[in-house]
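Notes follow the structure.
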Amino acid sequence: MSHQRQAYPWIEPSSTKTDAKYRVTADGQIRLVYVVDRRERALLTTDQHPRLVKLVAQAKSERSEPPSGVFYINEWRHVLVKAGGGTWYAGRYDPFLEFDLDGTRISPIASGHLSPGDRWTGPRVGVKYTLNATGDDVYCRRQIRPGRVRDEYLSDYLASASEVVRGWSRYKRAGGSIYINEARELFAPVGTDVVSYTYLGRVPIDSWFPRPDVGDEY
């Protein structure tokens, strides 16, 4: 990109959990820490996405950082790179990241047999939102300028928000953190079980927050 890269105008995803982010490695692969079960983690890599690796490297180099590092892909397939103390929009990337685990495909897309309420078996990488305690709205907090934040509620943008959200809260009744990934799949820890996540369903594109205006250029 020849123009100045913009800071991302929506949620800036961030997680201390190694299984909740993607990473470009020093040798140009994409790495995922996959939670197999309570006792096992698997380190998975793929070399099938060179253009994505380049997007991340470009955003990092503009902040005078090495090309490897953490990135996220949100529900609009916007590639978000952590660099220089901020979150930067690196471009849009439509192909899904898929990994191999002993012959099993690990994908952000819910497998065909998965239904809401089932254990989520995909990667844990996703953008965090919050389900309110009454189970009828979803919100997030975003920075609108340094030192100033704004709480954004789905009900501010979607008239049918309460009806839509109650369909998800059937499986997470106490409210709390929920995560949406690049395939618009929604999942969350439920109750006191922070290891096994529950699948809440796929979010229709017209039943969510509006897409941030970033141009979606390649």
Beyond-backbone contact of I106 with P123, side-chain heavy atoms, under 4.5 angstrom: yes
With sequence neighbours excluded, residues passing side chain to side chain contact (heavy atoms under 4.5 Å, CB included) with T18: V33
Note, Y171 side chain near F187 side chain (heavy atom, < 4.5 Å): no
Spacing of OG1 belonging to T198 relative to CG belonging to L186, to within rounding of 0.5 Å: 11.0 Å
Which pairs would a plain distance check flag for residues 160-169, meaning a side-chain donor or acceptor within less than 3.5 Å of a matching protein atom at least two apart in sequence or in another chain?
| unit_1 | atom_1 | unit_2 | atom_2 | d |
| --- | --- | --- | --- | --- |
| S169 | OG | G135 | O | 2.9 |
| S169 | OG | V165 | O | 3.4 |
| S169 | OG | R166 | O | 3.3 |

Salt bridge (charged side-chain N to carboxylate O under 4.0 Å, His left out) partners of R141, counting only residues at least two apart: D151
Donor-acceptor under 3.5 Å (E65 side chain, G84 main chain): yes
Heavy-atom side-chain contact between C140 and T130 under 4.5 Å: no
Of all pairs that satisfy ring pair (Phe, Tyr, Trp, His ring centres under 6.0 Å), the ones with a partner from residues 45-74, not counting sequence neighbours: Y22-F71, H49-Y93
Straight-line distance of L43 CG to L101 CG, nearest 0.5 Å: 11.0 Å
Any L158 side-chain heavy atom under 4.5 Å of S207 side chain: yes
Side-chain donor or acceptor of D137 paired with backbone N/O of S155 under 3.5 Å: yes
CD1 (I205) with more than 12 external heavy atoms under 6.0 Å: no
Partner residues of Y8 under the ring-ring contact (aromatic ring centres under 6.0 Å, His included) criterion, sequence neighbours left out: H78
Pairing residues for Y139 by the ring-ring contact (aromatic ring centres under 6.0 Å, His included) criterion, not counting sequence neighbours: Y153
Closest non-hydrogen atom pair between Y89 and L80, with its separation: CA-CD2, 4.2 Å
Any donor-acceptor pair under 3.5 Å from S61 side chain to A57 backbone: yes
Main-chain N/O of P189 paired with K172 side-chain donor or acceptor, under 3.5 Å: yes
Sub-4.5 Å side-chain heavy-atom contact between L44 and Y34: yes
Residues which pass side chain to side chain contact (heavy atoms under 4.5 Å, CB included) with Y199, listed by chain and number, not counting sequence neighbours: A110, L114, P116, W120, E185, R202
Sequence-distant partners of R105, salt bridge (charged side-chain N to carboxylate O under 4.0 Å, His left out), two or more places apart: E98
Listed partners of F209 passing ring-ring contact (aromatic ring centres under 6.0 Å, His included), at least two apart: W10, Y129, Y157
Flag for T134-N132: side-chain donor and acceptor within less than 3.5 Å: yes
Cluster overlap W88 with L55, hydrophobic side-chain contacts below 4.5 Å: no
By side chain to side chain contact (heavy atoms under 4.5 Å, CB included) - contacts of V35 (at least two apart): D19, R41, R124
Members besides F96 in its Ile/Leu/Val/Met/Phe/Trp/Tyr cluster (side-chain heavy atoms under 4.5 Å): I109
Partners passing salt bridge (charged side-chain N to carboxylate O under 4.0 Å, His left out) against R170 (at least two apart in sequence or in another chain): none
Salt bridge flag under 4.0 Å for residues R142 and E152: yes
D94 backbone acceptor or donor facing R77 side chain under 3.5 Å: yes
Non-hydrogen side-chain atoms of I178 and L200 separated by less than 4.5 Å: yes
I180 side, atom CD1; I11 side, atom CD1 - distance, nearest 0.5 Å: 9.5 Å
